[in-house]
Amino acid sequence: MRKILVAPSLLSCDLASVATEVASVESGGADLLHFDVMDGVFVPNLTFGPVLCRAVRRITRLPLDVHLMVADPTPLLQPFVTAGADRISVHVEATPHLHRVLDAIRNLGARPGVAINPLTPTVAVEQAWPFVDFILVMTVDPGFGGQRFIPEMLSKLAVLRQTRDGRWPAVELAVDGGVDAEVAPALIDNGADVLIAGTSVFAAADRAAAIRALKGESPR
């Protein structure tokens, strides 16, 4: 049995009370904290940078998972690792020299991952498996929180799972976009190890219950 991890996305938290928000999901059973970093170029939104990562690093022991939705990730790698990032994913669509970037992430001491947009075929990451610790499957078009899950992405996840289980069992499969307790069982059944969830966690009055629901655990 693979352990299911939940990574609340800080894009959906109240940034004016970030310490309280982080504490609520950490005590509620979160396994990671997810940072959606957007540049207004690769995606139509602008969010946060290493400064927030550094601030959060000081108030939690949870691993920090940084998703770079940016046109040029290379200049941001060192600043985010210095700020405390434990994992960094970059988009295959934005990274013409993917091996070089993944190698740089690992050499900086973080775990490298590759993210793939909804309508990018899985063949785009076929050669990346030996160089990543995780593959991040976008189940919405990236750029905004609170979007509706694209159900057709389940078959894409299943294809990646087949490759992972057959050849690269140490590689995690993460999903991001519209993840809630309703779709989580299907995601897990199709191979997801890491569930990245924003609205479904931070909009819940009981964050611990929301995290347990994503993992399919019984209410306490």
Side-chain angles (χ1 to χ4, degrees), residues 1-7 9 31-32 34-37 42-43 63-70 73-74 77 85-143 147-197 214-216:
M1 288 289 294
R2 302 178 73 93
K3 182 180 179 182
I4 304 303
L5 307 178
V6 170
S9 171
D31 302 285
L32 312 162
H34 187 76
F35 291 76
D36 288 302
V37 179
F42 180 68
V43 294
L64 305 186
D65 180 42
V66 173
H67 177 193
L68 294 179
M69 289 175 271
V70 301
T74 301
L77 301 181
D86 298 286
R87 301 156 54 103
I88 298 178
S89 56
V90 296
H91 270 265
V92 64
E93 302 87 358
T95 315
H97 304 291
L98 182 59
H99 174 265
R100 183 180 299 161
V101 175
L102 296 173
D103 195 48
I105 294 169
R106 195 177 297 281
N107 287 338
L108 287 168
R111 297 180 61 190
V114 61
I116 181 170
N117 280 340
L119 295 192
T120 300
T122 58
V123 68
V125 297
E126 185 174 329
Q127 303 303 318
W129 288 92
F131 308 105
V132 298
D133 288 356
F134 62 102
I135 292 176
L136 172 54
V137 179
M138 293 303 300
T139 48
V140 299
D141 291 308
Q147 296 186 70
R148 187 183 299 273
F149 173 79
I150 303 172
E152 289 81 3
M153 294 304 100
L154 289 173
S155 60
K156 183 178 189 175
L157 182 60
V159 169
L160 292 169
R161 177 192 189 170
Q162 186 175 19
T163 302
R164 188 272 306 279
D165 290 354
R167 298 184 59 197
W168 309 103
V171 176
E172 295 174 344
L173 294 178
V175 289
D176 184 2
V179 176
D180 58 22
E182 182 178 346
V183 301
L187 291 169
I188 294 168
D189 287 346
N190 282 278
D193 304 296
V194 183
L195 303 178
I196 297 164
L214 287 168
K215 293 183 179 184

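Remember, it's a predicted structure, so these values are computed and weren't measured experimentally.
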A.B. asks: At what distance, to the nearest 0.5 angstrom, does CD1 of I196 lie from CG of L214?
C.D. replies: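 So the gap between those two atoms works out to 11.5 Å.
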A.B. asks: Sequence neighbours left out, what pairs pass salt bridge (Lys or Arg N to Asp or Glu O under 4.0 Å) with at least one residue falling in residues 118-128?
C.D. replies: none
A.B. asks: Can you name the nearest heavy-atom pair linking I116 to P121, along with the distance?
C.D. replies: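 Shortest heavy-atom separation between I116 and P121 comes out as CD1-O, 3.4 Å.
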A.B. asks: Report all side-chain donor-acceptor pairs from residues 95-105 shorter than 3.5 Å, counting only partners two or more places apart or in another chain.
C.D. replies:
unit_1	atom_1	unit_2	atom_2	d
T95	OG1	H91	O	2.6
D103	OD2	N107	ND2	3.4

A.B. asks: Looking at CG of L108 and CZ of R106, how far apart are the two atoms once the value is rounded to the nearest 0.5 Å?
C.D. replies: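 Going from the CG atom of L108 to the CZ atom of R106 covers 11.5 Å.
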A.B. asks: Under the side chain to side chain donor-acceptor pair (under 3.5 Å) rule, collect the residues that match up with D31, sequence neighbours excluded.
C.D. replies: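 D31: side chain to side chain donor-acceptor pair (under 3.5 Å) contacts with K215.
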A.B. asks: Tell me the closest heavy-atom pair linking P73 and V90, and the distance in Å.
C.D. replies: CB-CG1, 3.7 Å
A.B. asks: To the nearest 0.5 angstrom, please state how far the CG atom of L173 sits from the CD1 atom of I188.
C.D. replies: 12.5 Å
A.B. asks: Quick check for you: to the nearest 0.5 Å, what is the distance between F134 atom CZ and L5 atom CG?
C.D. replies: 11.5 Å
A.B. asks: Does anything in residues 86-97 pair up under salt bridge (Lys or Arg N to Asp or Glu O under 4.0 Å), and if so which pairs, sequence neighbours excluded?
C.D. replies: R57-D86, D65-R87, R87-E172
A.B. asks: So, using side chain to side chain donor-acceptor pair (under 3.5 Å) as the criterion, who are the partners of S9 when residues are at least two apart?
C.D. replies: D36
A.B. asks: Does a side-chain heavy-atom distance below 4.5 Å link L64 with L32?
C.D. replies: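 No, every pair of side-chain atoms sits at 4.5 Å or beyond.
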A.B. asks: Can I get a per-line list of side-chain donor-acceptor pairs under 3.5 Å for residues 156-165, giving both atom names and the distance, sequence neighbours left out?
C.D. replies:
unit_1	atom_1	unit_2	atom_2	d
K156	NZ	N117	O	2.5
K156	NZ	P118	O	3.0
K156	NZ	T120	O	2.7
R161	NE	D165	OD2	3.3
R161	NH1	D189	O	2.4
T163	OG1	V159	O	3.4
R164	NH1	V171	O	3.2
R164	NH1	D193	OD2	2.7
R164	NH2	G191	O	3.3

A.B. asks: Look at the side chain of T139 and the backbone N and O of F149, then say whether any donor-acceptor pair between them is shorter than 3.5 Å.
C.D. replies: no
A.B. asks: Are the side chains of L77 and L68 in touch, meaning some heavy atoms are under 4.5 Å apart?
C.D. replies: yes
A.B. asks: Which atoms form the tightest heavy-atom contact between A184 and L195, and what is the distance?
C.D. replies: CB-CD1, 3.9 Å
A.B. asks: Starting at OG of S89, measure out to CG of D176 and round the result to the nearest 0.5 Å.
C.D. replies: 8.5 Å
